[in-house]
Amino acid sequence: MPNLKESLEEIYNKLFKAFGPQNWWPAETTFEVIVGAILTQNTAWVNVEKAINHLKKEKVLTPLALKKVPLKRLALLIKPSGYYNQKAKKLKNFIDFLYKEYQGSLSKMFREETFTLRKKLLKIKGIGPETADSILLYAGNKPIFVIDAYTRRVLLHHHLIEGKLDYSSLQKIFMQNLEHHPQLFNEYHALLVRLGKEFCRATPKCKDCPLEGLN
DNA sequence: GACCAGGCACATC
DNA sequence: GATGTGCATGGT
């Protein structure tokens, strides 16, 4: 039985070989990544894209414009992404934070020490661990590993974990066994999502899974 | 017409 | 501390 570090490296290599680079996060600006991270909570990405396109078309996909747009109007613009009343508030909560702490400057925000920023993000109502980490990794290019439903499903399906581990335990598995390179964490998470979408769903075995023969 | 999708906050036990 | 529930749209 190889150790965890070797298993994680092998998984990455197999997935990269099978799928190639995933080019996450699909966005034109840093701010768009952050908005997407909030809108995609428990929501299919195609629906998030519709919402983001509305925001682009109405030219409110900047911190200042989002600060100015009325809550009700914002909610209607993001309606396709689901939970739109909740998410409109969440976006406003983030904007309030951004202006209060960093005068609306994302680059100033990301100059904050990573774990200090993470703690602050988690205090925002509507931003939990996955959203905070997605912002840090995919918008801020910080070496933080993102855990999500797919990650958990893949690890369980391939018996790399047993039972239910909480978010931070799962995150430790990756962060204690891999080099802290943002690009590696970025690609690895994206590859796990890709695998989870296409495999690791059927039981007991998935046909042609890139990780077949791992265990 | 179920069931699901790149969660989170809050209530209740 | 664990478990349950509301939030809501659009695709399969």
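When reading the values below, keep in mind they use all heavy atoms of this one structure, side chains included, and skip hydrogens, waters and symmetry mates. On a predicted model such as this, the values are computed, not experimentally measured, just so you know. Chain identifiers are assigned alphabetically (A, B, ...) following the order of the sequence lines, protein sequences preceding nucleic acid strands; residue numbering begins at 1 within each chain.
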A.B. asks: Hey, would you say the Phe97(A) and Tyr102(A) ring centroids sit under 6.0 Å apart?
C.D. replies: yes

A.B. asks: Whole-Å distance between dC8(B) P and Ile147(A) CD1?
C.D. replies: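 That distance rounds to 12 Å.
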
A.B. asks: With rounding to whole Å, what would you report as the distance between dA8(C) and dG1(B) at their P atoms?
C.D. replies: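 Taking atom P in both dA8(C) and dG1(B), they lie 23 Å apart.
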
A.B. asks: Counting heavy atoms from C-beta on, name the nucleotide in dC7(C), dC8(B), dT9(C) closest to the side chain of Gln86(A).
C.D. replies: dC7(C)

A.B. asks: Would you mind reading off the distance between Leu165(A) atom CG and dA2(C) atom P, rounded to a whole angstrom?
C.D. replies: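 Distance check: Leu165(A) CG to dA2(C) P gives 12 Å.
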
A.B. asks: Within this structure, what is the CG-to-P distance between Asn47(A) and dC3(B), rounded to whole angstrom?
C.D. replies: 19 Å

A.B. asks: What integer distance in Å separates Ile38(A):CD1 from dA5(B):P?
C.D. replies: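 So the two atoms are 21 Å apart, to the nearest Å.
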
A.B. asks: Return the 5'-most residue of the pair Arg153(A), Tyr167(A) with respect to DNA chain B, ranking by each residue's nearest nucleotide.
C.D. replies: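 By nearest-heavy-atom nucleotide position, the 5'-most residue is Arg153(A).
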
A.B. asks: What is the distance, rounded to the nearest whole Å, between atom CD1 of Ile124(A) and atom P of dG7(B)?
C.D. replies: 18 Å

A.B. asks: Can you see if the side chain of Lys197(A) gets near the phosphate of dC4(B) - specifically, an N or O under 4.0 Å from OP1 or OP2?
C.D. replies: no

A.B. asks: So, is Arg152(A) near the phosphate of dG7(B), with a side-chain N or O under 4.0 Å from OP1 or OP2?
C.D. replies: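 The answer is no; no side-chain N or O of Arg152(A) sits under 4.0 Å from OP1 or OP2.
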
A.B. asks: So, is Tyr84(A) near the phosphate of dC7(C), with a side-chain N or O under 4.0 Å from OP1 or OP2?
C.D. replies: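 Negative; the distance criterion is not met.
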
A.B. asks: Over how many whole Å does the gap from His54(A) atom NE2 to dG10(C) atom C1' extend?
C.D. replies: 12 Å

A.B. asks: dC8(B) phosphate, OP1 or OP2: any side-chain N/O from Thr131(A) under 4.0 angstrom?
C.D. replies: yes

A.B. asks: Starting at the 5' end of DNA chain C and moving along, which residue's nearest nucleotide shows up first, Asn42(A) or Lys50(A)?
C.D. replies: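 First, find each residue's nearest nucleotide; the 5'-ward one identifies Asn42(A).
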
A.B. asks: Whole angstroms only, please: what is the CH2-P distance between Trp45(A) and dT12(C)?
C.D. replies: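 Answer to the nearest Å: 17 Å.
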
A.B. asks: If you check every side-chain atom of Lys164(A), which of dG10(C), dT3(C), dC7(C) has the closest atom?
C.D. replies: dT3(C)

A.B. asks: If you compare all heavy atoms of Arg153(A) against all heavy atoms of Gly196(A), which two are closest, and at what distance to 0.1 Å?
C.D. replies: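 Scanning both residues completely, I find the closest heavy atoms to be NH1-O, 3.3 Å.
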
A.B. asks: For a ring-ring contact (aromatic ring centres under 6.0 Å, His included) with Phe174(A), tell me which candidate from Phe185(A), Tyr12(A), Phe145(A) qualifies.
C.D. replies: Phe145(A)

A.B. asks: Could you tell me whether Ile78(A) contacts a base, only the sugar-phosphate backbone, or nothing, with contacts defined as non-hydrogen atoms closer than 4.0 Å?
C.D. replies: nothing

A.B. asks: Could you pull out the closest heavy-atom pair between Leu160(A) and Leu4(A), with the gap in Å?
C.D. replies: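 Nearest pair, atom of Leu160(A) first, then Leu4(A): CD2-CD1, 4.5 Å.
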
A.B. asks: Starting at atom OH of Tyr83(A), determine the distance to atom P of dC10(B), rounded to an integer number of angstrom.
C.D. replies: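 Those two atoms, OH and P, are 16 Å apart.
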
A.B. asks: If we ignore hydrogens and angles and just use 3.5 Å, is the side chain of Glu32(A) paired with the main-chain N or O of Glu28(A) as donor and acceptor?
C.D. replies: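 Yes: the side chain of Glu32(A) pairs with the backbone of Glu28(A).
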
A.B. asks: From dC7(C), dG11(C), dC10(B), pick the nucleotide closest to the side chain of Lys125(A)?
C.D. replies: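 The closest nucleotide is dC10(B).
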
A.B. asks: Does any N or O in the side chain of Lys67(A) come within less than 3.5 Å of the main-chain N or O of Asp96(A), such that one atom is a donor and the other an acceptor?
C.D. replies: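 A pair under 3.5 Å: no.
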
A.B. asks: Which comes earlier along DNA chain B counting from the 5' end, the contact point of Tyr138(A) or that of Lys123(A), where each point is its nearest nucleotide?
C.D. replies: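 Of the two residues, Tyr138(A) wins.
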
A.B. asks: From the options dA8(C), dA5(B), dG7(B), select the nucleotide whose nearest atom is closest to the side chain of Ala44(A).
C.D. replies: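 The nucleotide sitting nearest to the side chain is dA5(B).
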
